[in-house]
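These notes are about the structure you will find just below.
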Amino acid sequence: MKRLIHLIIVLSGTIVTAQEKKDTVATKKINEIVLKKNKFQRKNDRFIYDVGASPAAKGTTVFSLLKETPLISSMDDKTLRIAGKSNAVIYINGKKNQMDADALAAFLKSMPSESIQKIEIITMPGSEFQVESSDGVINIILKKITENGLNGSLRMSNNQGYYNNPGMGFSINYRKNNLGINSSFNSSENTKRQYYILENGSNIASNRSEGTVSIPNKDYGGYLNIDYALNDKSSIALSYNNWYNKNFTSVTNLFNTVNVLNDTVWKTSYNRSINHENAQSYNNSVNLNYELKTDSIDSKLNLNAAYLNFRKKQNGLNTTSASDSNGNMGEDISQIIQETPQIINSFSVTVDYYKKFKNDFTLSFGGNYSYTKTDNDTETSLYQLATGVAVRNPNHFFYLENIYGGYLTVEKKVNDKISAKAGIRYELTQNKGNSYNAQDDNLKNLTRNYHNILPYLNLNYSINKDHNLSYSFSGRMKRPSFWEVNPVRTYLTETNYVQNNPFMKASAVYSQELNYMFKNSYFFIVGHKYYKDVILQIPLQGIIESNGSHVNVLRYIRTNFGNRQEFNFTIGFQKSFFKQYWNTNVSIGLQHNINDGSIDTDPLTGEKFPAYINSRKSNGITISTNNNIRLDQAKTWFASINYWYVGNYQIELGQLRPLGSLEIGLKKIWNDWTFAATVYDVLNTNRVIINDPQQNGNYNYINIYNYPRQLNISISYNFGNKKIEKIRDFNNASDEIKNRTK
């Protein structure tokens, strides 16, 4: 059920920020030439933000700095998004360093912002990047190493919402000649409280569920990177990452009202469903990296080999009891007992070679291979306590996946005004699934092989120093996550559940984007995306016969659901007032969606339902503003006022009503200490409400309140030699696989 919650609160809105600050002008003139340094500029296929020229880079964390970077935003203080993109993939020094959302947020929030030289925002990644769907890339460039020594940071935080959630983390960096070691550890508690109102039905039957959800989470994780320079041209590195999540005694308590039309008389009954769930997951990965520089102009060979082990243990007990109209419980009616563990083992290798030529021409090519085995030994047992009838559904499902990939990219700077980059990527995917003890023969010996040719093109034209125009086109694919293909159901109530689908295929995404930049400050962005066989979670509902009466059943089914188009229009700017005491950015985005999907059959059981159709066209607007106010001349006191708004918006589950959030913060910098306090959702307006009436009379209504008004207090301390950093960061060959375990 937690995955359903995450899915319906992920919005497709576009948040764009743009930055306007005056160029830093060198005070020295040489032969009538004034030297300038731009803080934000467009270069080839990416935007570049020079952090060293920004006052926001002092006394904060990398995560906070990224939120203030043009084109990047965060709506939940946990995940980062690039304008018009479904996700932001984090790279460091050109190497992917992707963890799950919790681990990545903790890592970025424990990393001091002073370590960053610049940030690159790649809205349309080239063929050399292993990203999926319409993901963009944030590449963090660290400052160069200057001295041997040790430094690090400590951070403690406390978040007070419905529950109190403390957290802590520390990181250290060490360098001694050719040896570099960096390590980090983070722990946090994140107990969530939610209030649900769910309604669905037709003209002859309906259900209403209302109640609370409490989800306690405890997270512990860290990493260790050891990097050794063998000589001036070659380096070897070993990386180990670990993350552990414990979620015990999660409770969902829903009061259900069931209405059924018998002939001409409506009959109403009541029951209460209480679900207790325990879960814990382990994510361990190790990566070996070798890098060889092949010439003096930075051509290089990069090799990676990685192993990933993911284990999850999960069990739940769902008990439905008779109830009166006031919610008072009576006798137990039924129970659902579920065991849904998952084990993933993956081995991956990548090879990349970048060849640079002296005439501003770059050739890069490489390949990747991954083998992944998923073991899902699940069991669901349904007990009708009144009759003593028990139905046991064991399901031992193995899923094997082999991915072969290769790419070729060429990049040429024609002159000072024109540059171009083109590439092509080929991927072959081979899938095999087998459910050894399933009653359905269709779940045995599943085989699906498919290949994709994915093109890429970028053209950049610097008209003059004040005007820049660029165009990009990219083809990508989106594979289903491993948990989505495991053919099990996760029950909210006996007639309302989430159902996975092993028959899903990868979807293709074709994107194009036109960017215009004026004076390295003002933006106008136009984008178009076409999704083929888009992977969605669709509410499929209908009436079934049960014990001589009609019952309305709602299944949230993962499936390929037709095609979709998205048009994005965004304008944004940032300005500084009163000698940079007040920095503000404002962005306005408009998105037009064209949906074309229909489904009337359960892909697992073959049961027919009234068709669920989404052929609607819709428009959505987003507004975002971030304000940073310096309160003193010494630059030690800062205030922040941030606000975002999303208007009526059509998503796959229906029409999303407007929502927004106001955030107010205060920060104090004292030597190496930073004290910060932030209040989230001051106006209490961040509530997810989705309404989906169908033409056939079916309807589905979702109302979720996440208690988002919260106070967060943090204290951080930076120690040691401030002039050192890690020797280098490197990508992990299993990062793409790790991303799909979420």
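FYI, side chains are in, hydrogens and waters are out, and symmetry mates aren't considered; it's all heavy atoms of this structure.
Side chain to side chain, N703 and R687 meet the donor-acceptor criterion of an N or O pair below 3.5 Å. A side-chain donor from one of S214 and Y163 sits under 3.5 Å from a side-chain acceptor of the other. Donor-acceptor pairing under 3.5 Å is lacking for the side chains of D596 and S615. Remark: the T447 side chain and the K432 side chain contain no N/O donor-acceptor pair separated by less than 3.5 Å. A donor-acceptor contact closer than 3.5 angstrom is absent between the side chains of N395 and N376. Side chain to side chain, R555 and Y497 meet the donor-acceptor criterion of an N or O pair below 3.5 Å. Using a 3.5 Å distance cut-off with no hydrogens or angles, the side chains of S157 and N712 do not pair a donor with an acceptor. Between T605 and E607, the side chains place a donor N or O and an acceptor N or O closer than 3.5 Å (distance only, hydrogens not considered). Between the side chains of N595 and Y531, no donor N or O sits under 3.5 Å from an acceptor N or O. Looking at R479 and T429, their side chains do bring a donor and an acceptor atom within 3.5 Å of each other. N256 and N271 share a side-chain donor-acceptor pair at under 3.5 Å. Between the side chains of T372 and S346, at least one donor N or O sits under 3.5 Å from an acceptor N or O. A donor-acceptor pair shorter than 3.5 Å can be found between the side chains of N402 and Y369. Judged purely by distance below 3.5 Å, without hydrogens or angles, the side chains of D219 and N186 never pair a donor atom with an acceptor atom.
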Could you please spell out the steps behind the side-chain contact (heavy atoms from CB on, under 4.5 Å) verdict for I557 and D602?
CA-CA 8 Å; I557 296 177; D602 187 316; 4.1 Å; yes
Practice prompt. For V534 and N560, run side-chain contact (heavy atoms from CB on, under 4.5 Å): C-alpha distance rounded to whole Å, both residues' side-chain angles, the deciding distance at 0.1 Å, then the answer.
Written response: CA-CA 5 Å; V534 60; N560 297 103; over 6 Å; no
*Carefully, step by step, assess Q338 and T380 under the rule side-chain hydrogen bond (donor to acceptor under 3.5 Å, both in side chains).*
CA-CA 5 Å; Q338 285 194 288; T380 302; 3.3 Å; yes
Discussion item. Under the criterion side-chain contact (heavy atoms from CB on, under 4.5 Å), I'd like the reasoning laid out for T191 against Y162: C-alpha separation, chi angles, the key distance, then a yes or no.
Written reply: CA-CA 9 Å; T191 302; Y162 191 93; over 6 Å; no
If you apply the rule ring-ring contact (aromatic ring centres under 6.0 Å, His included), what do you find for Y244 with Y282, and how did you get there?
CA-CA 5 Å; Y244 170 70; Y282 307 81; 4.9 Å; yes
Requested in this report: May I have the step-by-step check of side-chain contact (heavy atoms from CB on, under 4.5 Å) for D600 and F609, ending in yes or no?
Outcome: CA-CA 5 Å; D600 64 358; F609 286 81; 5.5 Å; no
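Annotation for R272 and S323: closest pair N-CB, 4.2 Å, computed over non-hydrogen atoms. Annotation for S598 and F561: closest pair N-CE1, 3.5 Å, computed over non-hydrogen atoms. Summarising the geometry of N241 relative to Y223, their closest heavy-atom pair is OD1-CB, 3.2 Å, with the distance given to 0.1 Å. For Y699 against S206, the heavy-atom pair with the smallest separation is OH-CB, 3.4 Å. Taking every heavy atom of both residues into account, N203 and L261 meet most closely at O-CD2, 4.0 Å.
Applying the salt bridge (Lys or Arg N to Asp or Glu O under 4.0 Å) test to every pair with at least one member in residues 203-218, sequence neighbours left out, gives these pairs: E199-R208, R208-E210.
One distance of note links CG of D692 with OH of Y701; it measures 13.0 Å at 0.5 Å rounding. Atom-to-atom distance recorded for I343:CD1 and K312:NZ is 13.5 Å, nearest 0.5 angstrom. The OG atom of S281 lies 5.0 Å from the CZ atom of F310; values are rounded to the nearest 0.5 Å.
Contact annotation: the side chain of S188 never approaches that of N165 to less than 4.5 Å [non-hydrogen atoms, C-beta and beyond]. Side-chain contact between N242 and Y240 is present, with heavy atoms from C-beta onward closer than 4.5 Å.
Checked by atom type and distance alone, the side chain of R311 never pairs as donor or acceptor with a backbone atom of P341 at under 3.5 Å. For the pair Q541 (side chain) and G201 (backbone), a donor-acceptor distance under 3.5 Å is present. For the pair N278 (side chain) and T249 (backbone), a donor-acceptor distance under 3.5 Å is present. For N686 (side chain) and D681 (main-chain N/O), no donor-acceptor pair under 3.5 Å exists by modelled atom type.
Residues satisfying the side-chain hydrogen bond (donor to acceptor under 3.5 Å, both in side chains) criterion with T559, sequence neighbours excluded, are absent altogether.
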